[in-house]
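One structure is given here, and the rest of the page talks about it.
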Amino acid sequence: MKSPLLTLPGAVPAEGVDEGVAAHYGDLFREQRALADGTGFVDLSHRGVVAVTGEDRLTWLHLLLTQHVSDLPVGQATEALILSANGHIEHALYLVDDGATVWAHVEPGTQEALIAYLESMKFFYKVEVADRTADIAVVHLPAGSIAPVPDGVVVRETPHGRDLFLPRADLEAYAEQAGPPAGILAYEALRVEQYRPRLGFETDHRTIPHELGWIGSAVHLQKGCYRGQETVARVQNLGKPPRRLVFLHLDGSEVHLPVAGTELRLADDGPDGRKVGFVTTSARHHELGPVALALVKRNVAVDAPLVAGDTAAAQEVVVEP
């Protein structure tokens, strides 16, 4: 979905997964500072939107998701995963129930596969699943924002801000009153600072929730059975995940950021050292400078200096080894 807000002054289109919205509007650091101060908004209208209706919607989703949602209060935000039979992450959903519908936004382009899976699991339950991406746009307001929310718009409120499920036809009019726009690069830089993983960025085909710190926030350990639960329980009770998420402070003298997939090595091992991990997301932060999230092997010492490609990197622990 190509956003109409790409016609705003200074808008530079994003590329890759985030194609369809603005990467920035001409001043990346100003946009970051505005979001950090609780002003402005982020156009996330390229994200998929899925709606689940019907009287069984919460009890049915409870059987499929990693999160406890059977008694989800109206208006309470949560997040959940769908795992493979082997416990690997397949989908990430950001949910809220408005009393009649469970609304979820998901990574761009993943809604079709998600809906196909949900449809295959309906059986006798009284539920309907719909792709609402064409008529509903997600808009993010940062924490502390006093921007107005139109009547009737579903809001998903979290410690990091509010996600609005806004009628797509109202997107341009809302942008005129919501404050200065901020691009997806500013949003991503703050996500990295907050250690928040993203499907398809911090995940690959073998990622399990424990590696990214999604236990608790997206995975409930005391709920009933769901696909992949055996792996979750086994790792939680009997072992450790093979990898762990870390936050990296990168050498600020380098002109280019290490891209996703850049190999990490122990600095003491030199340029020919063995690979101990890889960068998942890198960003330029308005206060911290160049930073990144990365996955490293669990046994890498938490104080070990690393090298991302040719860039020196210092770790901060996100997931304990």
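- Between the side chains of Q67 and H220, not a single donor N or O lies within less than 3.5 Å of an accepting N or O.
- Annotation: side chain of R191 is in contact with side chain of T281 (closest heavy-atom distance under 4.5 Å).
- Taking CZ of R33 as the start and CG of L190 as the end, the distance is 11.5 Å to the nearest 0.5 Å.
- No donor-acceptor contact under 3.5 angstrom links the side chains of D251 and T311, judged on distance only.
- Under 3.5 Å, the side chains of R156 and Q76 contain no donor-acceptor pair of N or O atoms.
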- From CA spacing to verdict: ring pair (Phe, Tyr, Trp, His ring centres under 6.0 Å), H62, H68: CA-CA 6 Å; H62 184 79; H68 196 301; 4.5 Å; yes
- Task: List the steps and the verdict of salt bridge (charged side-chain N to carboxylate O under 4.0 Å, His left out) for E128 and K122.
- Result: CA-CA 8 Å; E128 295 296 332; K122 285 172 66 172; 3.5 Å; yes
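- At a cut-off of 3.5 Å, with distance as the only test, no side-chain donor of N86 or S84 sits close to an acceptor on the other residue.
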- Item | Pair R243-D204, salt bridge (charged side-chain N to carboxylate O under 4.0 Å, His left out): steps then yes or no | CA-CA 12 Å; R243 304 177 296 184; D204 57 21; 2.9 Å; yes
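- Residue R244 forms a side chain to side chain donor-acceptor pair (under 3.5 Å) with just one option from E211, Q315, E320, and that option is Q315.
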- Query: Would H249 and E316 satisfy side chain to side chain donor-acceptor pair (under 3.5 Å), going step by step from the backbone distance to the final call?
  - Reply: CA-CA 8 Å; H249 293 274; E316 281 188 16; 2.6 Å; yes
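- The number of heavy atoms from other shown groups lying within 6.0 Å of CD (Q194) is above 12.
- Checking H105 against R47 by side-chain atom types alone, a donor-acceptor pair falls below 3.5 Å.
- Residues R132 and V50 are not in side-chain contact: their nearest non-hydrogen atoms beyond the backbone lie 4.5 Å or more apart.
- In this model, a donor atom of one side chain and an acceptor atom of the other lie less than 3.5 Å apart for D131 and T133.
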- Task: Could you go through the side chain to side chain contact (heavy atoms under 4.5 Å, CB included) check for L164 and Y174 one step at a time?
- Result: CA-CA 11 Å; L164 277 55; Y174 184 72; 3.6 Å; yes
